[in-house]
Peer 1: 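One structure, as structure tokens, below. Some questions next.
Numbered from 1 within each chain, the chains take letters A, B, ... in sequence-line order.
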Amino acid sequence: MKRSSEVKSYNVVKGFLNLTLTDQVITTLFDEIKRTNNFGLKDLDPLLPSAMIEYSSPNTNKPLHLGHIRNNLLGDSISRIVKASGRNVIQVQIINDRGVHICKSMWAWKKFGDGETPESSGLKGDHLVGKYYVLFDKEYKRQINKSVLNGTEQEEAKKTVPCILEVQKMLLDWESGDKEVVQLWTKMNTWVYSGFEKTYERLGIVFDKNYYESETYILGKKDIRQGLQNGVFYRKPDNSVWIDLSAEGLDEKIILRKDGSSVYMTQDIGTAIQRFKDFEIDSLTYVVGNEQDYHFRVLFLILEKLGYSWARKLSHLSYGMVDLPTGKMKSREGKVVDADDLMDEMELAAKKMSIELGKSQAFSNSESEMLNKALGHGALKYFILKVDPKKRMIFNPEESIDFNGNTGPFLQYTHARISSLINKKGSQVDYDWDQFELTEKERALVILIAKFPKNIQAAATGLNPSIIATYLYELAKGFNSFYQQHSVLNAETASIAAFRVDLCKEVANVLNSGLNILGINAPERM
RNA sequence: GGUUCCGUAGCUCAGCUGGAUAGAGCAUCUGCCUUCUAAGCAGACGGUCGCGCGUUCGAAUCGCGCCGGAAUCACCA
């Protein structure tokens with residue numbers, strides 16, 4: 001063992017054999033890192049099939065809230081992770097623009113709106129429509145209470161109160177193409193889309209294709225018919241169509257109502273099949289909350305039974321809800337952390353912080369504004385993404401999101417310090433590995449950098465951006481510890497200085513790439 | 001009731017393909033800015049890893065049983 005060229009020394013502690021690698025192993029590793037462009041990121045491989053990722057999938061009756069932010073950030077980040085592993089990614093959302101929920105907003109707008117528009121009110125379109133959704137709920141509750149006072153049972157009242165009946169009529173009118181209803185529906189949806197667009201833009205989120213439920217809800221019926229012929233499904237005496245999954249440990253599930261109309265599952269079957277026709281993809285990942293775990297288990301099983309070879313390549317990135325200390329967020333009751341408000345607050349917090357630290361004078365107004373965005377959003381995104389997606393999060397609006405410690409701005413700060421250091425360096429000399437020995441911290445850093453690709457791989461297969469977040473934090477910690485102890489530009493010799501500059505560069509590269517994968521900007525100065 | 005997920009320091013979280021004295025951040029306390037950005041670094045304090053049994057040389061990690069929390073088991077989406 002002593003003769004091995006890779007082991008410098010060893011010792012034995014409590015039955016553990018500890019080997020210390022020779023500098024040569026480390027320097028070889030570092031040479032390779034240096035040689036590789038965009039270390040850790042694979043170039044797009046045109047031979048690999050594309051991956052489709054569905055996320056966001058909002059309803060068009062209310063603005064986005066913190067729960068949507070988690071969904072969007074996970075979807076966006078996992079898309080970037082899969083891209084970094086060399087595959088083309090097609091990002092899609094399905095917009096739930098059809099159904100009673102939007103009719104509720106429409107009904108309330110007709111009743112109370114008095115022609116209000118985003119222009120006349122100065123409200124962002126999605127917020128305006130959301131306002132009427134809340135108004136509907138108030139009126140609905142008022143009518144239920146009134147009905148109960150008149151002696152109707154609560155459950156009965158919920159179904160028979162005038163406003164809900166009118167809403168249901170609206171949905172039927174919409175389905176039959178009633179001109180006036182469709183016009184209103186189009187108008188209000190357009191408001192919502194323009195609002196969503198702004199929020200997505202702020203979040204830095206893009207889609208390659210939008211699917212609209214108003215178009216996809218008719219899909220699937222044809223496939224059900226085929227499944228009936230193949231014996232995958234069966235028909236009950238009342239004419240409804242079912243699948244029996246009891247052999248798989250699940251229940252029977254309805255696929256078509258007795259009147260032949262679709263349920264959620266029907267259109268999801270049809271939409272999945274449609275997507276594999278629309279694009280040359282070999283996998284499809286749904287970013288949807290864990291409340292739908294059961295639904296996706298059933299969906300994937302059905303598609304497999306229908307004989308689609310790609311059914312095994314479907315996956316569900318199931319994430320936990322974001323709840324408030326008081327419980328679930330409820331748009332209807334206005335108990336939500338609004339996405340736009342939260343981003344405003346984060347930008348403001350970043351601004352306060354930089355003024356407090358006396359850093360704001362160094363920047364022009366427009367620079368400051370960009371920085372506040374980068375840092376505020378960085379804090380928010382990292383806060384969300386560092387947590388294992390599976391876990392339920394409780395967000396307390398009273399406690400602001402941190403900018404110190406294990407946070408986005410800490411990683412951004414580390415990157416900015418390195419960037420400014422590199423900008424200060426003079427001419428660089430060549431160095432030879434035999435001119436100096438590596439220190440403990442330097443060795444540790446090289447090893448940390450080298451772990452980047454494996455972490456990307458793990459994050460991609462596990463559909464888990466938090467792996468990247470945790471890794472970047474360790475790297476930044478490792479760097480700061482090194483940086484505190486070692487002089488870079490004024491190192492003992494010019495060779496050492498040159499090596500350390502290179503080392504810093506590689507750390508900055510990985511931080512930059514890694515933050516990028518999380519959708520976070522890495523400014524050069526802050 | 002069935003199924004799935006979660007339970008680690010006061011709080012927020014890593015660690016979970018079994019391995020050394022269980023790690024970070026926040027909060028509290030102590031040091032470090034006349035040299036590369038102190039949004040940083042070094043340190044102190046703080047833990048029956050929900051409880052019990054089992055498998056194993058060895059369990060936060062695997063299995064079983066409890067307890068606590070969440071979700072789901074809709075002809076809602």
Peer 1: Check every strand shown and say whether A:His486 touches a base, only sugar-phosphate, or nothing at a heavy-atom separation below 4.0 Å.
Peer 2: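 Touches a base.
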Peer 1: Give a yes/no on whether any side-chain N or O of A:Lys391 is located under 4.0 angstrom from OP1 or OP2 of B:A14.
Peer 2: yes
Peer 1: Taking any heavy-atom pair under 4.0 Å as a contact, classify A:Leu375: base, sugar-phosphate, or nothing.
Peer 2: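 Base contact.
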Peer 1: With the criterion set at under 5.5 Å between ring centres and under 30 degrees between planes, would B:U3 be stacked on A:Tyr294?
Peer 2: no
Peer 1: Answer yes or no: is there an ion pair linking A:Arg500 with A:Glu492, defined by an N-O contact shorter than 4.0 Å?
Peer 2: yes
Peer 1: Both distances under 3.5 Å, Watson-Crick or G-U wobble: report the partner of B:G1, or none.
Peer 2: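 Partner of B:G1: B:C73.
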Peer 1: Nearest of B:U35, B:A71, B:C75 to any side-chain atom of A:Asn490?
Peer 2: B:U35
Peer 1: Could you tell me how far B:A14 sits from B:G25 if I compare only their C1' atoms? Round to whole Å.
Peer 2: 10 Å
Peer 1: Sticking with atom P, work out how far B:G69 lies from B:C53, rounded to a whole angstrom.
Peer 2: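 Those two atoms are separated by 24 Å.
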Peer 1: Using heavy-atom distances to pick each residue's nearest nucleotide on RNA chain B, tell me which of A:Asp238 and A:Gly249 is more 5'.
Peer 2: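 Its nucleotide being nearer the 5' end, the pick is A:Gly249.
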Peer 1: Looking at B:U35, which nucleotide sits across from it as a Watson-Crick or G-U wobble partner, both distances under 3.5 angstrom, or is there none?
Peer 2: none
Peer 1: Suppose you measure atom C1' in B:G15 against the same atom in B:A24; what distance do you get, rounded to whole Å?
Peer 2: 10 Å
Peer 1: At 4.0 Å (heavy atoms only), tell me whether A:Gln292 reaches a base, stays on the sugar-phosphate, or touches nothing.
Peer 2: base
Peer 1: Tell me whether the side-chain N/O atoms of A:Arg297 come closer than 4.0 Å to OP1 or OP2 in B:A71.
Peer 2: no
Peer 1: Scan A:Phe403 against the nucleic acid and name what it touches under 4.0 Å (heavy atoms): base, sugar-phosphate only, or nothing.
Peer 2: base
Peer 1: Any strand counts, and the cut-off is 3.5 Å on both contacts for Watson-Crick or G-U wobble. Which nucleotide pairs with B:A42?
Peer 2: B:U30
Peer 1: Using Watson-Crick or G-U wobble geometry with both distances below 3.5 Å, tell me the partner of B:C66, or none.
Peer 2: B:G50
Peer 1: Classify A:Arg392 by what it touches in the nucleic acid, base, sugar-phosphate, or nothing, heavy-atom distance under 4.0 Å.
Peer 2: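 The residue A:Arg392 makes sugar-phosphate contact but no base contact.
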Peer 1: Tell me the interatomic distance from A:Tyr382, atom OH, to B:C13, atom P, rounded to whole angstroms.
Peer 2: 13 Å
Peer 1: Under 4.0 Å between a side-chain N/O of A:Ser481 and OP1 or OP2 of B:A42, yes or no?
Peer 2: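 Yes, such a contact exists.
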Peer 1: Tell me: CE of A:Met321 to P of B:C5, nearest whole Å?
Peer 2: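 Atom CE in A:Met321 sits about 16 Å away from atom P in B:C5.
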Peer 1: Just checking A:Tyr483: base, sugar-phosphate only, or nothing, at a heavy-atom cut-off of under 4.0 Å?
Peer 2: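 The answer is base, as A:Tyr483 lies within the cut-off (heavy atoms under 4.0 Å) of a base atom.
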Peer 1: Counting only side-chain nitrogens and oxygens, does A:Asn404 get under 4.0 Å of the OP1 or OP2 atom of B:C26?
Peer 2: no
Peer 1: For B:C36, take OP1 and OP2 only and decide whether either is under 4.0 Å from a side-chain N or O of A:Arg500.
Peer 2: no
Peer 1: Would you indicate what A:Ser487 reaches in the nucleic acid, counting non-hydrogen atoms under 4.0 angstrom: base, sugar-phosphate, or nothing?
Peer 2: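 Here A:Ser487 touches the bases of the nucleic acid.
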Peer 1: Heavy-atom nearest nucleotide on RNA chain B for A:Asn406 versus A:Asn290: which residue maps closer to 5'?
Peer 2: A:Asn406
Peer 1: If the cut-off is 4.0 Å, is A:Lys477 near the phosphate of B:G25, judged by side-chain N/O to OP1 or OP2?
Peer 2: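 So the side-chain polar atoms of A:Lys477 do come within 4.0 Å of the phosphate oxygens OP1 or OP2 of B:G25, strictly under.
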Peer 1: With sugar-phosphate meaning primed atoms plus P, OP1 and OP2, does A:Thr470 contact a base, only sugar-phosphate, or nothing at under 4.0 Å between heavy atoms?
Peer 2: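 Sugar-phosphate contact only - A:Thr470 comes under 4.0 Å of backbone atoms but never of a base.
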Peer 1: Can you tell me the distance, in whole Å, between the CG atom of A:Asn396 and the P atom of B:C13?
Peer 2: 12 Å
